[in-house]
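Heads up: the structure comes next, in structure tokens.
Atoms within each ligand, like the ligands themselves, are counted from 1 in listed order.
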Amino acid sequence: MNCHPTLCGMVVEVYDDRVTRVTGDLDNPDSRGFLCIRGQAAPEILDNPRRLLHPMIRATRGGDWRRATWDEALDTIVARMRAAGREAVATWSGHGIFANNYGTRIHSHLLRRFSNIYGCQWWSPAIICWALGGFGLGLTGLLEPNTKEDMGANAAMIVLWGANLASQPNTARHLAAARRRGARIVTIDVRETEASAQSDETLLIRPGTDAALALGLMHVLVAENLVDRDFVARHTVGFERLAADLPARTPEWAAALTGIASERIVDLARRYANTRPAMIVVGGSSMHKASNGWLAARAIACLPALTGQVGIAGGGLGPRHGASLHGQVLGNIVALDRRPPGEDVPNQMPRITDSLVSGRVRVLLLFGTDMLSSFADANRVAEGLARQDLVVSYDLFENDTARRFADILLPSTSWLEELGCKATNTHVYLMPQVLEAPGETRPVPWVLRALAERLGLEDFFPWKDDRGLVDAMLDVPATRHASVAALAAEGGMRAMNVSHVGHPDLTFPTPSGKLELFSERAVSLGLPGLPVFEAPADSPSHLLTLRQGRTLTAFHSFYDHGRALPTLVNADPEPVLWISPDDAASRRISDGGLIMMRNARGEMRCRARVTAKIPAGTVWMRDGWSGLNTLTSGDAVIPDAAVEALGFSAGQAAFDARVEVAPVG
Ligand code: SF4
């Protein structure tokens, strides 16, 4: 289920066109036989009675579905697209569209190609995922990670900064290997996570104050002369300006903001600077879900720069969701040069929501996504969805968005019923079709080709078949020019030609080509040139700060948020809010009791888990639950002009939420 950059290998046993057993693949170099509860539940997708097997149409939202032919469904979609005009049509895909091509994102690229050639709106799924954190790292210039294998073999200290192993479980094996060698593991998070259990120490931090902690650490590095002066002189710009700003960012200043004692901040800075190599693993998504979340990544990336822990084995930044290694570049099929001129809605979550609400977009084609759960300010998104002329949902199962707003459902094939190809940071894997597609389910390329033919889009699919499409993505130096045929002949997997060390040549994707402690590019985008801490937007201090994150029982909105798979329902039956004993006692909330969480935007009913694993003032819930994002802010975080500045789309909404919580009744 896409724990990029790790992923697990499966051995699927098939008898008489039915899956009889799924086990972890011991020969898979990334997972070595591991398969978490989500992977073990995967067979429940296949013959699931809730599965969509035929195109469905309904006359009114909330009305009854009736079975339709593919021709009727596609003809209706194309007629509505033509009536609205191409610029009022949008495609939006969630991670469901990657389910069988994660790491290669072939179907996402194909959807983008379709949108470019047709000339409709296309929005990047990176905006709900890794990209805003990547934006912060990229302003400093530190985007390429080191691998988990390098971490396990070489790191002497590992700081898991907002990085939880539930999102990339196969990293845990390498973390354990590093620890056996004597590496010290430190976790920084808003609660005690699964990663805390594998760590020597955990620093619990107030949400949204990570940049303050990083600045406090930088203060110590400079004040105690722990900076690698030679590295800084050769490979960074802006040190003097940064150093001039740091005297006020004392450990005491950082302690007052973060809630972490100043002695621990000093100690961490000294140990990080004096342990070589030391690696920081930055969280992929959840830690950046805040109006100032990207500032944390911007500041954290300055720590390896100041200490010269870049471009070395065991140092730099560790495996990060969505990140590509040095040299990890796949084929480009998106046909950007064929995009006709027009008014594009920016890859910026609040602008997208605006376009739905205003009627600028009137036909919405959704692929593998539950927009209501992944977008912030879900009530406003619902307002926009309600105004659409047509909403189409292509998926394996209905989800909240489809149930409430879809007019047409298109049934998807699953991972065993189509050709796919996945990649981790180090290997590329063939995903062969081993089952006949059930009912009238169809893979993404088939659906897009059928739409393109009806729209008269020339040369949309220049390949002979889906194998040709996969080959076009793989025919690059990073895969040593792999192909479907070559991978099949080799047993389905191939090590990629990539560096296990990020930025090994010490060149960086910044205007100066160096690590930028001061960024003129940021200034030109209307952002602070130096790494800074900005407090989250003001709100009443008696409210609790809500944070979201991952667990091993859920991932993305796949399979109706796992509600379609009995194993996951049993493991994680209802939304649960972590709350500290102090906050619970002052609100007369008991462990296991039903509670209502609300703010001015929305409300959500859930159950309390009273636990000392979270500090007072913070509450936490696994992401994706229906209603959770009615509470979160859909405000823009960075200016529209900055969204595409680094070559990827970073237009995530703020997702900030302060809430009050009370017992139901
Ligand atoms: S969900 Fe992640 S950890 Fe679990 S089996 Fe799939 S790839 Fe592996």
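The line from CG of Leu552 to CG of Asn164 is 8.0 Å long, rounded to the nearest 0.5 Å.
Taking a cut-off of under 4.0 Å to the non-hydrogen atoms of Cys3, the atoms of ligand 1 that pass are 1 (S), 2 (Fe), 3 (S), 7 (S). Close contacts between ligand 1 and Leu7 involve ligand atoms 7 (S) [criterion: under 4.0 Å to a heavy atom]. Every atom of ligand 1 is numbered from 1 in the order shown, and the set under 4.0 Å from a heavy atom of Leu35 is 5 (S).
Remark: aromatic rings of Trp92 and Phe375 are close, center separation under 6.0 Å.
A tilted orientation is assigned to the rings of Tyr102 and His321, their planes being inclined by 30° to 60°.
Of the candidates Ala42, Ser31, Ala41, Pro169, Pro169 brings a heavy atom nearest to atom 3 (S) of ligand 1.
For residue Cys8, an N/O/S atom approaches atom 8 (Fe) of ligand 1 to within less than 2.8 Å.
Under the 6.0 Å distance and 45° angle rule, Arg547 does not count as a cation-pi partner of Trp620.
Salt-bridge annotation for Arg480 and Glu490: absent, with no side-chain N of the basic residue lying under 4.0 Å from a carboxylate O of the acidic one.
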